Protein chains: 2
Amino acid sequence: MKRTILIFGLLILALLLLFQFSKYAIISGDLNSEIAIALIAIVFFFIGIYINKKSLHKQTNPSEDIDHKKIEALDISKREYEVLVGISEGLSNKEIGEKLFVSESTIKTHVSNLLSKLNAKRRTQALQIAKDFNII
Amino acid sequence: MKRTILIFGLLILALLLLFQFSKYAIISGDLNSEIAIALIAIVFFFIGIYINKKSLHKQTNPSEDIDHKKIEALDISKREYEVLVGISEGLSNKEIGEKLFVSESTIKTHVSNLLSKLNAKRRTQALQIAKDFNII
DNA sequence: AGAGGTTTGGTACTTTAGTATGACCTCTTT
DNA sequence: AAAGAGGTCATACTAAAGTACCAAACCTCT
């Protein structure tokens, strides 16, 4: 938020400077008016690209980053989440257990809790729901 | 490809018109030069946004459409693919069977074939592999 | 018509997955 | 210190998932 305000402040400042410069250049005859206009056009063109890139990464690409708040809201613990990641990697309970250095029984407990928290009947359904929630 | 060329052509045409207009406006005194410059700036700003949006949707979002060639290359039949979709929806073999109006046995056969074709040991692993291949 | 691939379906079996319950340990909070 | 939450693990069970093998029906192409 603070950064956004700072960036916009600098942007406006830069624009004012550009306007003043172009006006001066045209009046003093140092620069052709077309070239001045072209410069401004190019600058604004890139400003448009820059701003769009920023906003696109936060508005139309919401699937990239995981929704940590949702994870909390669903009351999923760290360990349970690690198990969920294991499931998404296509691992069996046994393999997840080996990865996390715990027994298969423990993983089963975590999976069972996960399924009830995600309101799923199967691990594949849990994956689908987790993706819907941008949790994974 | 054709569309891209057309769009760029129209874009360049519009720019030339804008330049001519602004030059005329400034010389004839109908318009303040600052206003003309501002107009150009705004237009280019939006052009920047537009172009960026187009390119971003095709470059940083390559995961959207499925790779049909890969499906063929893996020798996955239509029916098997339908089963794969069912799996990705978190359905059980029984539910997939009901959805496709066949028995659970049939689904098991398809799943088994799918797993060997995708070189997976579990349906969850099949999902992960299928996503890697942009098949799903 | 016959070969070949796909789809369908069954039986029988093994392996994972998932549920239920109880127990113990370790922190953190009250 | 007691309560509560998370994590760990085990047993015993049921339910899915997956494998292997076989067989019939159905297309499609030659």
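These numbers come from the heavy atoms of this one structure, side chains and all, not from hydrogens, waters or symmetry mates. Remember, it's a predicted structure, so these values are computed and weren't measured experimentally.
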**Q** Does C:dG9 have its OP1 or OP2 closer than 4.0 Å to a side-chain nitrogen or oxygen of B:T106?
**A**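 B:T106 to C:dG9 OP1/OP2: side-chain N or O found under 4.0 Å.
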**Q** Using a cut-off of 4.0 Å on non-hydrogen atoms, how would the nucleic acid contact of A:S103 be classed: base, sugar-phosphate, or nothing?
**A**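 Result for A:S103 = sugar-phosphate.
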**Q** Output the single nucleotide from D:dG7, C:dT7, D:dG18 whose closest atom is nearest the side chain of A:K78.
**A**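 That would be D:dG7.
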**Q** Select one nucleotide: of C:dT8, D:dG7, D:dG18, the one nearest the side-chain heavy atoms of A:H110.
**A**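 From the listed options, D:dG7 comes nearest.
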**Q** Given side chains that start at C-beta, do those of A:I66 and A:I135 come closer than 4.5 Å, heavy atoms only?
**A**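 They are not in side-chain contact.
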**Q** Nearest of C:dG9, C:dT6, D:dC9 to any side-chain atom of B:S105?
**A**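 That would be C:dG9.
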**Q** Check the phosphate of D:dG7 against A:S77, side-chain N and O only, distance under 4.0 Å to OP1 or OP2. Yes or no?
**A**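 Checking A:S77 against D:dG7: at least one side-chain N or O falls below 4.0 Å of OP1 or OP2.
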**Q** Is there a side-chain contact between A:R122 and B:E95 in this structure, where contact means two heavy atoms from C-beta onward sitting under 4.5 Å apart?
**A**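 Counting from C-beta outward, A:R122 and B:E95 do come under 4.5 Å.
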**Q** Between atom CG in B:N93 and atom C1' in D:dT19, what is the gap in whole Å?
**A**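 Roughly 13 Å, once rounded to whole Å.
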**Q** Hey, does A:L100 have a side-chain heavy atom less than 4.5 Å from the side chain of A:R79?
**A**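 Sidechains of A:L100 and A:R79: in contact.
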**Q** Would you indicate whether the side-chain heavy atoms of B:H110 and B:T106 approach each other to under 4.5 Å?
**A**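 Yes, at least one pair of side-chain atoms sits under 4.5 Å.
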**Q** Describe the nucleic acid contact of B:S92 in one word from base, sugar-phosphate, nothing, applying a heavy-atom distance below 4.0 Å.
**A**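 Contact class for B:S92: sugar-phosphate only.
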**Q** Only pairs under 3.5 Å count here: list side-chain donor-acceptor contacts from residues 69-76 of chain A, not counting sequence neighbours, and write none if there are none.
**A**
none

**Q** Tell me the bend of the helix from C:dA1-D:dT30 to C:dT30-D:dA1 as the angle between end helix axes, each from five pairs, rounded to the nearest 10 degrees.
**A**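 Computed angle between terminal axes is 50°.
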**Q** Between B:K99 and B:E89, is the closest basic N to carboxylate O distance under 4.0 Å?
**A**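 A salt bridge links B:E89 with B:K99.
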